[in-house]
Amino acid sequence: MRKPKTIAANTAAEAVEQKEAPALEQQAQAATETAAQEPVAPAVAAKSAPAEPLDAYIARVERAKLDQDVVAVAITHPEVHADRVHPGTYGGIRLGNGPVGVTYSDGTKA
């Protein structure tokens with residue numbers, strides 16, 4: 001009696017997997033050992049990167065959505081030392097201290 005081809009194919013595939021499994025396990029173990037030996041860099045907070053200078057940031061975000069008739073209405077930036085209003089191109093922009101961010105006239109934030 002003949003075996004169906006699917007069973008033979010499955011058996012052949014299983015045989016290949018059984019032959020490759022020890023090699024794959026050895027590669028995985030070697031990679032794990034190598035990773036364990038490499039020094040781990042300390043985690044760096046996202047806030048540690050210097051922010052874009054305030055004037056450059058204001059100019060960039062003010063132009064960002066002008067083609068959609070949307071203007072910046074509020075900006076937060078770490079270089080702002082006191083709340084104030086910046087005379088924007090089309091109207092005043094409220095500036096406040098905080099993480100870099102902008103609110104536009106359509107309500108979107110970036």
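As the structure is a computational prediction, the values presented were derived from the model and not from experiment.
- Ile75 and Val71 fall into different hydrophobic clusters, where Ile, Leu, Val, Met, Phe, Trp and Tyr are joined by side-chain heavy atoms under 4.5 Å apart, directly or via other members.
- Proximity of a side-chain donor or acceptor of Asn97 to a complementary backbone N or O of His81 within less than 3.5 Å is not detected.
- Tyr90 and Ile93 fall into different hydrophobic clusters, where Ile, Leu, Val, Met, Phe, Trp and Tyr are joined by side-chain heavy atoms under 4.5 Å apart, directly or via other members.
- Contact record, Pro78 with Val100: CD-CG2, 3.7 Å, taken as the closest heavy-atom pair.
- Gly101 and Tyr57 make their closest contact through C-OH, 3.3 Å (heavy atoms, listed as atom of the first residue, atom of the second, distance).
- How far NE2 of His86 is from CD1 of Ile58: 4.5 Å, rounded to the nearest 0.5 Å.
- Not one N or O on the side chain of Thr76 forms a donor-acceptor pair closer than 3.5 Å with the backbone of Gly96.
- With rounding to the nearest 0.5 Å, the separation of OG1 in Thr103 from CZ in Arg94 is 7.5 Å.
- Between Lys65 atom NZ and Asp106 atom CG the span is 4.5 Å, to the nearest 0.5 Å.
- When every heavy atom of Tyr104 is checked against every heavy atom of Ala110, the shortest pair comes out as CE1-CB, 4.3 Å.
- The two residues Glu52 and His77 make their nearest non-hydrogen contact at O-NE2, 2.6 Å.
- Side-chain heavy atoms closer than 4.5 Å link hydrophobic residues (I, L, V, M, F, W, Y) into clusters, and following such links, even through other members, never connects Val102 to Val73.
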